[in-house]
Protein chains: 2
Amino acid sequence: MTADDPRRAYHHGDLRAALLLAAEAELAERGVEAFSLRQVARRAGVSHAAPAHHFGDTRGLLTALAAEGFHRFLAAQAAREMRAAADPQAQLVAAGLGYIDFAMGRPALFRLLFGSDRLDFTDAALDAASTEAYLHLRDQVQMTGGTETDAAAVWAMAHGLADLLANGRLKPILVLPQEAREGVLISLLTRVFPAANLGPTADPVSDTDQT
Amino acid sequence: MTADDPRRAYHHGDLRAALLLAAEAELAERGVEAFSLRQVARRAGVSHAAPAHHFGDTRGLLTALAAEGFHRFLAAQAAREMRAAADPQAQLVAAGLGYIDFAMGRPALFRLLFGSDRLDFTDAALDAASTEAYLHLRDQVQMTGGTETDAAAVWAMAHGLADLLANGRLKPILVLPQEAREGVLISLLTRVFPAANLGPTADPVSDTDQT
DNA sequence: GCCTTTATCTTTACACTGTCAGGATTGGTG
DNA sequence: CACCAATCCTGACAGTGTAAAGATAAAGGC
């Protein structure tokens with residue numbers, strides 16, 4: 001039963017999932033700032049007020065979409081990690097590349113996750129997904145023997161590259177062929193790795209949770 | 001004749017500047033995604049269609065605001081550079097700190113510059129201001145003897161920190177007192193510096209003003 | 001089986017938004 | 001002084017988010 005099957009008048013069956021799918025497509029096509037709730041409803045073949053019942057308002061829909069987005073975000077990193085060597089350093093590089101993969105592959109969704117003020121981070125699902133993403137990074141850095149300051153360094157580097165590339169900046173890197181670009185990104189990511197600055201120093205950043 | 005002089009019915013005198021000022025305030029209060037052109041007009045005490053004559057449409061207004069924003073962005077860096085030592089390394093650190101100052105001081109404007117799809121980058125003024133900002137960074141890196149890859153590294157690190165902090169992430173760093181936070185940021189920025197690859201060197205920011 | 005309850009979706013309505021067309025007002029120029 | 005061009009306003013239209021109330025289908029009790 002497709003979305004535009006005229007038979008289903010009421011009780012779509014799985015409207016919530018269908019709306020999330022339509023919302024993601026709308027987000028990719030129109031961007032975060034031109035996102036329209038009624039347009040999402042139209043794409044799902046449903047009345048314009050139908051989403052309200054499942055998500056409350058637009059913010060609720062985007063929040064749910066972001067929670068799902070964080071899982072895809074982690075999946076993108078996991079995909080890289082699976083094809084990388086098992087040692088912690090290689091795993092950390094792979095995670096960084098997955099981070100960038102996600103940002104370049106779904107720039108609008110990426111910006112929703114990290115640069116939108118239309119998300120409700122008190123939402124349980126979003127909060128869980130978001131902290132899960134951070135903990136994954138922190139654990140990986142710990143595996144390499146790095147401190148939380150190292151985690152911040154790795155995060156900032158990966159995020160900076162991802163955000164700039166997703167927004168069309170860093171053109172010198174953007175125009176490189178896939179192979180060469182990946183080499184540059186790897187060299188940039190490894191610059192901030194814990195092993196690069198030898199010597200155990202006190203971690204100036206307290207180990208509280210961060211999201 | 002001030003801006004809120006009720007006498008001025010027509011011919012505001014400097015409506016373009018007044019609208020940009022109102023737009024910046026609206027941006028700071030409501031964020032990029034809830035930005036409203038009519039609200040800007042109301043704040044400037046003018047009819048809802050008045051902005052059209054000066055900026056065309058909303059995109060035009062935001063584009064002009066972004067062009068001005070890039071100048072403020074450079075000014076924030078210059079303010080730091082002026083109070084820093086003259087050597088290229090210290091200047092580069094200062095620029096990075098100014099980058100972060102700007103992002104944290106005006107997060108909405110920062111996001112407009114680097115993460116909005118409502119800007120017209122074919123606009124001459126915006127293009128000029130934007131490339132000027134990039135060239136400033138590239139020149140500074142060249143002063144330290146760095147390559148273009150080094151410039152990308154410095155940019156990504158500064159931008160990653162700025163964007164994450166502006167969006168409320170990296171809370172462990174965010175909650176630190178001004179003094180300690182700046183120390184951490186400096187140590188993170190210097191990690192990716194060209195000279196960092198040449199082994200232990202003197203702290204490039206040892207004599208930086210710490211106000 | 002039938003009737004009631006509940007979840008789901010629709011219809012209707014309202015205030016708000018961006019943008020366009022046309023009209024009003026003013027400062028400057030001949 | 002009369003005209004012109006720049007500037008700003010009024011009015012209109014389609015589109016948006018959200019709330020209220022109604023319609024329909026599925027589920028559960030008898």
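Chain letters run A, B, ... following the sequence lines, proteins first, then strands; residues in each count from 1.
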Out of C:dA7, C:dT11, D:dT7, which has the shortest distance to the side chain of B:His54? D:dT7
[atom1] of [X] versus [atom2] of [N]: gap in Å, rounded?
| X | N | atom1 | atom2 | value |
| --- | --- | --- | --- | --- |
| B:Phe55 | D:dT7 | CZ | P | 12 Å |
| B:Glu33 | C:dT17 | CD | C1' | 16 Å |
| B:His53 | C:dG27 | NE2 | P | 16 Å |
| B:Asp14 | D:dC8 | CG | C1' | 15 Å |
| B:Arg16 | D:dA6 | CZ | C1' | 15 Å |
| A:Asp57 | D:dT18 | CG | P | 5 Å |
| B:Arg59 | C:dT19 | CZ | P | 10 Å |
| B:Leu19 | D:dT7 | CG | P | 12 Å |

Less than 3.5 Å apart, any donor N or O on the side chain of A:Ser130 or A:Asp127 sitting next to an acceptor on the other? no
Does any donor atom in the side chain of A:Gln77 or A:Gln140 lie under 3.5 Å from an acceptor atom in the other side chain? no
Once you measure the plane-to-plane angle for A:Phe110 and A:Phe114, does it fall in the parallel (<30°), tilted (30-60°) or perpendicular (>60°) bin?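 A:Phe110 vs A:Phe114 ring planes: tilted.
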Specify whether A:Trp155 and A:Tyr134 have parallel, tilted or perpendicular ring planes, treating 30° as the upper limit for parallel and 60° as the lower limit for perpendicular. tilted
Is the shortest side-chain N to carboxylate O distance from B:Arg59 to B:Asp123 below 4.0 Å?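 Salt bridge between B:Arg59 and B:Asp123, a charged N being under 4.0 Å from a carboxylate O: no.
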Per-nucleotide protein contact string for nucleotides 11-16 of chain D (B base, S sugar-phosphate only, - none; heavy atom under 4.0 Å): BB---S
For A:Arg72, check side-chain contact (heavy atoms from CB on, under 4.5 Å) against everything at least two apart and list the hits.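 side-chain contact (heavy atoms from CB on, under 4.5 Å) check on A:Arg72 returns A:Glu24, A:Glu68, A:Phe102, A:Arg106.
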